Amino acid sequence: MENGDTAAMTTEPSYFDMGGYAAYIWPAYGVTFAALAILVFWTVRSTRAAERKAAKLRRGGDT
Amino acid sequence: MTSDVETRKMRTTRPLSLANPARFFRIANRILPWLSLATAVLLALGLYLSLVASPPDYQQSETVRIAYIHVPAAWMALFVYVMMAVASLVGLVWRHALAMMAARAAAPAGLVFTALCLVTGSLWGEPMWGTWWEWDARMTSVLVLFFFYLGYVALIDAFDDPARGQQSASILCLVGAVNVPIVKFSVDWFDTLHQGSTVITLDGPKMDSSMLAPMLVMAMAFTMLFFVVLVWRMRGLRAQARLAAAALNAPGGEY
């Protein structure tokens, strides 16, 4: 740090910089949690749809 | 009314009675809320340990944090495949419909974990090794595992007769099981860019506990998440089976 340096030239790296590896670490965590969230939501959604249909069938289809 | 002889015969030819699936789903539905809670808690704790409460590596700096999702994803990829193979074997040999259903229910999750293992591995490999990919024994065998998962999912729906699809997929799953020890021991048997085993070794883990903790917690979180997805998907498959059976006995056709 020298005389005349502004704060913009010598900002401390933030936590989110991850030692300079932010471009690798955050996408890794991001894609993981996105994929797992989609897996869970898709699974729950398709099961609920099928169960709803099956229940309706049972109610309406009694002979 | 069936005679005693006939009833006994029914019991031996269908040793796993229809009561089993009902009991399974009763128990599964009861523990499902606890599995979901465990998943949420473990994920939160795992994230905290992975991203906040663990130190950077002296060699790999912050990128070691990718290990806390990459390694658990890899473990899950193998664990789910083994589970599917066992279930497929039981399903084929004993004609156990619930086992077949479990294998089918597990497949999407296994596929996702394998894909995540590959993607996070690349994101780790580029800054550390200077390459997104290499055709070494570990990476190639995991890619093969991924294709076996894809093949399984594709075969299920490839036939008009769903039973044939399930059977073909189960056989494919068993064929691919030989790849599992290859994946695990690839780093020992071959000269690989991928590093050797550091956690599951004969001498115990070679990793510091500050790094082992986030890894194990994330592994448990992924496992709980898998069981949640498994139960939900089995319920969905059961409902779909009922719908399909009802379609066969559609109104207008009762005799």
Side-chain angles (χ1 to χ4, degrees), chain A, chain B residues 36 39 43 47 50-52 56-57 60-70 72-73 105 108-109 111-113 115-117 119-128 218 221-222 225-226 228-247 249-251 254:
Chain A
M1 210 174 153
E2 296 170 357
N3 274 333
D5 278 352
T6 65
M9 292 179 196
T10 54
T11 42
E12 289 299 313
S14 76
Y15 164 79
F16 291 99
D17 283 335
M18 280 287 163
Y21 294 109
Y24 302 99
I25 296 173
W26 296 121
Y29 276 81
V31 84
T32 298
F33 281 88
L36 293 178
I38 291 170
L39 176 69
V40 171
F41 283 120
W42 169 83
T43 302
V44 172
R45 221 178 73 131
S46 75
T47 292
R48 284 208 168 123
E51 284 184 335
R52 231 179 294 128
K53 262 204 239 161
K56 225 191 301 181
L57 200 74
R58 213 172 336 168
R59 279 198 302 274
D62 281 337
T63 45
Chain B
S36 308
T39 303
L43 272 178
L47 265 183
S50 303
L51 292 172
V52 179
D57 184 68
Q60 303 193 66
S61 163
E62 307 283 356
T63 66
V64 74
R65 301 187 191 282
I66 297 182
Y68 308 138
I69 43 178
H70 171 76
L111 187 64
V112 168
F113 283 122
L116 285 176
C117 173
V119 169
T120 56
S122 286
L123 284 167
W124 197 8
E126 170 59 16
M128 286 297 108
M218 287 301 268
F222 283 2
L225 188 143
F226 165 67
V228 169
V229 169
L230 184 74
V231 169
W232 273 102
R233 182 143 165 81
M234 283 183 77
R235 275 171 51 174
L237 290 177
R238 181 177 63 149
Q240 279 175 25
R242 287 191 174 150
L243 288 168
N249 304 322
E254 59 263 66

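Just the heavy atoms: all of them, side chains too, but no hydrogens, waters or symmetry mates, feed the values below. Lettering follows sequence order; numbering is per chain, from 1. Worth saying up front: this structure is predicted, and the values here are computed from it rather than measured.
Note that the CZ atom of B:Phe222 and the OG1 atom of A:Thr32 stand 6.0 Å from one another [nearest 0.5 Å]. One finds the CE atom of B:Met234 at 13.5 Å from the OG1 atom of A:Thr43 (value rounded to the nearest 0.5 Å). For the atom pair CG (B:Leu51) and CD1 (A:Ile25), the distance works out to 8.5 Å, reported to the nearest 0.5 Å. Atom CZ of B:Arg238 sits about 7.0 Å away from atom CD of A:Glu51, to the nearest 0.5 Å.
Only the side chain of B:Leu43 comes within contact range of chain A, judged by heavy atoms closer than 4.5 Å.
Across every non-hydrogen atom of A:Ala28 and B:Ile69, the tightest pair is O-CD1, 3.5 Å. Of all non-hydrogen atoms in A:Ala50 and B:Gly236, the two that sit nearest each other are CB-O, 4.0 Å. Across all non-hydrogen atoms, the minimal contact from A:Leu57 to B:Ala246 is CD2-CB, 2.9 Å.
Using a 4.5 Å heavy-atom threshold, the side chains of A:Tyr21 and B:Gln60 count as separate.
Listed by chain and number, the residues in a side-chain contact (heavy atoms from CB on, under 4.5 Å) with A:Arg48 are A:Val44, A:Arg52, B:Trp232 (sequence neighbours excluded). Considering only residues two or more places apart in sequence or on other chains, B:Arg65 meets the salt bridge (Lys or Arg N to Asp or Glu O under 4.0 Å) condition with B:Glu62.
Of the candidates A:Tyr24, A:Trp26, A:Tyr29, B:Leu123 forms a side-chain contact (heavy atoms from CB on, under 4.5 Å) with just one, namely A:Tyr24.
With a 6.0 Å radius and a threshold of 12 heavy atoms from other residues, nucleotides or ligands, A:Tyr15 has its OH atom above the threshold.
Most heavy-atom pairs under 4.5 Å with chain A, from the set B:Arg235, B:Arg242, B:His70: that is B:Arg235. The residue among B:Pro127, B:Ser61, B:Ala239 with the most heavy atom pairs within less than 4.5 Å of chain A is B:Pro127. Taking chain A as the reference chain and counting heavy-atom pairs below 4.5 Å, the highest number among B:Val112, B:Thr120, B:Val228, B:Thr63 is found for B:Thr63.
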